[in-house]
Amino acid sequence: GPVSLLPRGGGAAIVVAAGGGERLLHVIPGVQGGVGLLIPLDAKTQLRADLTRHLYVADSESVGFWSVGVGLVASLRGSAR
């Protein structure tokens with residue numbers, strides 16, 4: 001079958017758990033956006049590749065980074081078509 005393009009985006013957060021300070025949990029808010037590809041390998045298996053940009057803001061300072069993910073997607077029912 002054809003390759004599927006998956007737009008990605010939404011809210012994100014990093015949760016920091018640390019002891020000894022005034023706060024046990026600290027949440028750093030952010031957003032993420034990117035794109036994923038689903039590449040069919042056979043009737044029940046697809047290769048997934050994601051490229052995502054992350055942006056987080058803490059103490060009026062922003063930090064951004066890219067992430068790359070690769071994985072296999074398997075269906076127990078076969079092709080959805």
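Using a 4.5 Å cut-off between side-chain heavy atoms of Ile, Leu, Val, Met, Phe, Trp and Tyr, with links allowed through other members, Leu5 and Leu41 fall into the same hydrophobic cluster. A continuous path of hydrophobic side-chain contacts links Ile39 to Val35 [ILVMFWY only; heavy atoms under 4.5 Å]. Under a hydrophobic-cluster definition in which Ile, Leu, Val, Met, Phe, Trp and Tyr are linked whenever side-chain heavy atoms come within less than 4.5 Å, directly or via other members, Val63 and Val68 are assigned to different clusters.
Smallest separation of non-hydrogen atoms from Arg48 and Val73: CB-CG2, 4.0 Å. Closest of all the heavy-atom pairs between His54 and Ser67 is NE2-OG, 2.8 Å. Nearest heavy-atom pair across Val3 and Leu37 is CG1-CD2, 4.0 Å. Nearest heavy atom pair, residue Leu47 against residue Gly71, reads CD1-O, 3.4 Å. Shortest non-hydrogen contact noted between Ile28 and Val57 is CG2-O, 3.6 Å. In terms of heavy-atom proximity, Pro2 sits nearest to Pro40 at O-CG, 3.5 Å.
Between atom CG of residue Leu38 and atom CG of residue Leu6 there is a gap of 4.5 Å, rounded to the nearest 0.5 Å. Atom CD of residue Gln32 and atom OH of residue Tyr56 lie 5.5 Å apart, to the nearest 0.5 angstrom.
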